[in-house]
Amino acid sequence: MVLPIELNKRQELILQIVKDNGPITGESIADRLNLTRATLRPDLAILTMAGYLDARPRVGYFYTGKTGSQLLTDKIKKLQVKDYQSIPVVTDENVSVYDAICTMFLEDVGTLFVVNREAILVGVLSRKDLLRASLGKQELTSIPVHIIMTRMPNITVCRKEDLMLDVAVKLIEKQIDAVPVVKDTNKGLEVVGRLTKTNMTKVLVDLGHDEMF
Ligand code: ADP
């Protein structure tokens, strides 16, 4: 699919015709360009899907008046956590700091979500939390992670319907790298996903590669 900012010559022409004459039927646009309606159909579809034009049955096409950057903003504001979330890596609250470090390496993640026996979120462990614990003189195999983790209710979470933009604001404001994606249950919050700064970077890459629309 085509991103709103990159229009070809013919699409620019169509846009200008609709701007000047809308509402206007596809037939009339085709006449003005000496083309068939069938030839124009893909361009009209692209312009409509990208949000430049709107089409009303029996009335025709009209210009929405939105600029490329407004359209881009509209699209960004529709991106939801469920489109970008990753699989969560959780650890039990009673495992040792040593085992949590091993899990972090094996699973290749920077944040572990800590759950209780009922698989409910109780805390978060970051790389620095584990490094800090490692600076002490204690035996790492004997300290359970619930001693050192950041605990509920101070955990920043998100839900799969949340907007990526809102989660990005939380990551920046709280100065954290990741938030668990949670589902509400009667026992508490169940971890169903992970949303990290890497997922946020993917949004930027998709935008740059026109892969979002
Ligand atoms: P690091 O500590 O490795 O730089 P973060 O910036 O993500 O990683 O974590 C900073 C601190 O915030 C840590 O103490 C961590 O436990 C805590 N933290 C991380 N993620 C969350 C979260 N989603 N909610 C609350 N606290 C968090």
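Note that ligands are numbered from 1 as they come in the structure, with each ligand's atoms numbered from 1 the same way.
- Glu93 and Asn116 form no side-chain donor-acceptor contact under 3.5 Å, judged by distance and modelled atom types alone.
- Protein heavy atom in closest approach to atom 11 (C) of ligand 1: Ser126 OG, 4.4 Å.
- A donor-acceptor contact closer than 3.5 angstrom is absent between the side chains of Ser28 and Asp31.
- Nearest non-hydrogen protein atom to atom 3 (O) of ligand 1 is Lys128 N, 3.1 Å.
- The heavy atom nearest to atom 21 (C) of ligand 1, out of those in Thr156, Leu112, Leu195, Ile176, is found in Ile176.
- Side-chain contact of Gln16 with Asp20: a donor-acceptor pair under 3.5 Å is present, judged by distance alone.
- Atoms of ligand 1 found under 4.0 Å from any heavy atom of Val179, numbered from 1 in the order shown, are 23 (N).
- Taking a cut-off of under 4.0 Å to the non-hydrogen atoms of Ile155, the atoms of ligand 1 that pass are 24 (N), 25 (C).
- The closest side-chain heavy-atom distance from Arg159 to Asp184 is below 4.5 Å.
- Salt-bridge check for Arg132 with Asp129: passed, with a basic side-chain N closer than 4.0 Å to an acidic carboxylate O.
- For ligand 1, the atoms closer than 4.0 angstrom to any heavy atom of Thr150 are 14 (O), 15 (C), 16 (O), 17 (C), 26 (N).
- Shortest contact from atom 25 (C) of ligand 1 to any protein heavy atom: Asn154 O, 3.2 Å.
- For atom 16 (O) of ligand 1, the closest heavy atom belonging to the protein is Asp129 OD2, 2.4 Å.
- Heavy-atom distances between Thr111 and ligand 1 stay at or above 4.0 Å for every pair.
- Only the backbone of Gln175 comes within 4.0 Å of ligand 1, counting heavy atoms alone; no side-chain atom from C-beta on gets that close.
- In this structure, Arg194 contributes its side chain and Ile87 its backbone to a donor-acceptor pair below 3.5 Å.
- With no hydrogens or angles considered, no side-chain donor-acceptor pair links Asp177 and Ser126 at under 3.5 Å.
- The protein heavy atom nearest to atom 7 (O) of ligand 1 is Asp177 N, 2.9 Å.
- Where the criterion is an N or O separation shorter than 3.5 Å, residue side chain and backbone included, Ala178 meets it with respect to ligand 1.
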Step by step, work out the salt bridge (charged side-chain N to carboxylate O under 4.0 Å, His left out) result for Asp206 and Lys202. CA-CA 6 Å; Asp206 284 357; Lys202 172 87 169 35; 3.1 Å; yes

